[in-house]
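Keep in mind the model is a prediction, meaning the values are calculated, not measured.
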Amino acid sequence: MEISDVRKRILGTIERARQRAAERRARADEAARAYSTFLDGVAVPIFKQVANVLRAEGYPFSVSTPSGSVRLMSDRTAVDFVEIALDTTGDMPSVMGHASRARGRRVIESERAVGDPAHLDENDVLEFLTKVLEAFLR
């Protein structure tokens with residue numbers, strides 16, 4: 001094989017990789033802007049409403065907002081919590097839900113995609129929370 005052919009193919013591969021990386025960065029930037037709006041306008045208010053209802057029903061939970069996420073934590077143990085955050089590690093950025101709960105000495109953790117931050121609404125967040133909280137309220 002000629003060195004010029006090898007060089008052309010490698011240069012084409014390099015250019016495609018650069019293009020994909022630039023597109024991925026653009027998608028991540030757009031998702032970060034949408035996520036910030038979603039977090040402030042949708043997720044934090046719903047998490048606070050859920051915490052208030054749980055507290056009124058005898059389940060002591062609090063809401064905290066660490067940088068870039070919102071967390072619903074049990075006041076009884078720091079291991080029990082549900083949080084959502086933006087995951088930009090893949091090709092398509094997504095809001096991810098993470099849950100952690102103690103069962104005796106074991107800590108059970110789960111993670112699942114909630115959706116695209118530009119298209120999530122209150123119902124999506126509430127649906128995620130109700131499914132995850134079932135395990136905490138047994």
Side-chain angles (χ1 to χ4, degrees):
M1 184 172 260
E2 293 291 322
I3 189 69
S4 62
D5 292 335
V6 172
R7 186 172 194 276
K8 283 180 189 176
R9 289 177 77 176
I10 295 301
L11 290 177
T13 301
I14 291 170
E15 184 57 33
R16 283 191 304 278
R18 285 181 182 160
Q19 236 175 1
R20 280 196 306 272
E23 291 168 357
R24 187 173 49 249
R25 282 190 301 273
R27 282 192 303 270
D29 290 345
E30 183 180 324
R33 286 189 294 277
Y35 178 71
S36 178
T37 302
F38 160 76
L39 193 63
D40 295 337
V42 176
V44 171
I46 291 293
F47 269 64
K48 287 181 179 179
Q49 289 177 4
V50 168
N52 288 337
V53 170
L54 289 170
R55 200 174 299 116
E57 295 299 319
Y59 297 96
F61 278 82
S62 300
V63 174
S64 65
T65 54
S67 179
S69 66
V70 60
R71 180 180 282 199
L72 181 67
M73 297 178 7
S74 171
D75 291 345
R76 293 184 181 146
T77 174
V79 177
D80 292 346
F81 66 87
V82 178
E83 72 178 344
I84 59 172
L86 182 63
D87 179 15
T88 59
T89 57
D91 282 340
M92 296 303 294
S94 179
V95 174
M96 295 297 289
H98 180 243
S100 172
R101 65 185 177 93
R103 295 291 288 177
R105 291 184 176 172
R106 294 183 327 177
V107 175
I108 300 169
E109 295 189 50
S110 63
E111 194 172 73
R112 69 172 250 216
V114 179
D116 179 5
H119 299 103
L120 290 174
D121 62 12
E122 294 92 354
N123 289 322
D124 298 322
V125 176
L126 189 57
E127 181 180 333
F128 164 73
L129 283 172
T130 55
K131 286 181 180 178
V132 172
L133 284 172
E134 281 185 38
F136 289 87
L137 307 176
R138 292 181 184 172

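When the side chains of ILVMFWY residues are joined at heavy-atom separations under 4.5 Å, either directly or via intervening members, F128 and F136 end up in a single hydrophobic cluster. Tracing side-chain contacts under 4.5 Å through hydrophobic residues (I, L, V, M, F, W, Y), one reaches V125 starting from V132; they form part of the same cluster. Cluster membership for I84 and V79, using ILVMFWY side-chain heavy atoms within less than 4.5 angstrom, is not shared. Both V95 and L126 are assigned to one and the same hydrophobic cluster, defined by single-linkage of ILVMFWY side chains at heavy-atom distances under 4.5 Å.
Within a 6.0 Å sphere centred on CZ of R9, heavy atoms belonging to other residues, nucleotides or ligands number 12 at most. Atom CD of E57 has 12 or fewer neighbouring heavy atoms from other residues, nucleotides or ligands inside a 6.0 Å radius.
Scanning all heavy atoms of the two residues, the minimum distance from T88 to P93 falls at CG2-CB, 4.1 Å. The minimum heavy-atom distance linking M96 with A113 is given by the pair SD-CA, 3.5 Å. Here the shortest heavy-atom pairing between M73 and S64 reads SD-OG, 4.0 Å. Minimum interatomic distance between R103 and I108 (heavy atoms only, all atoms of both residues): CG-CD1, 3.2 Å. Of all the heavy atoms in A135 and R101, the pair that sits closest is CB-NE, 3.3 Å. Nearest heavy-atom pair, V63 versus F47, reported as atom, atom and distance to 0.1 Å: CG2-O, 3.4 Å.
How far CG of D116 is from CG of L86: 9.5 Å, rounded to the nearest 0.5 Å. The line from CZ of R27 to CZ of R25 is 11.0 Å long, rounded to the nearest 0.5 Å. For the atom pair CD of E83 and OG of S100, the computed distance is 9.0 Å after rounding to the nearest 0.5 Å. Taken to the nearest 0.5 Å, the CD atom of E109 stands 4.0 Å off from the NE2 atom of H98. For the atom pair CD of E15 and CG of L11, the computed distance is 9.0 Å after rounding to the nearest 0.5 Å. Considering CG of L72 and CG of L129, their distance stands at 6.5 Å, rounded to 0.5 Å.
In this structure the side chain of V114 reaches within 4.5 angstrom of the side chain of L120, judged on heavy atoms. Using a 4.5 Å cut-off on side-chain heavy atoms (C-beta onward), V82 and F61 make no contact. The shortest distance between side-chain heavy atoms of N52 and Q49 does not fall below 4.5 Å.
Side-chain N or O atoms of D124 include one that pairs as donor or acceptor with a backbone N or O of D121 at under 3.5 Å. Side-chain atoms of T130 come within 3.5 Å of backbone N or O of E127 as a donor-acceptor pair.
Using modelled atom types, one finds no donor on one side chain facing an acceptor on the other under 3.5 Å when comparing S94 with D87. With 3.5 Å as the limit, one finds a donor-acceptor pair spanning the side chains of T13 and R16.
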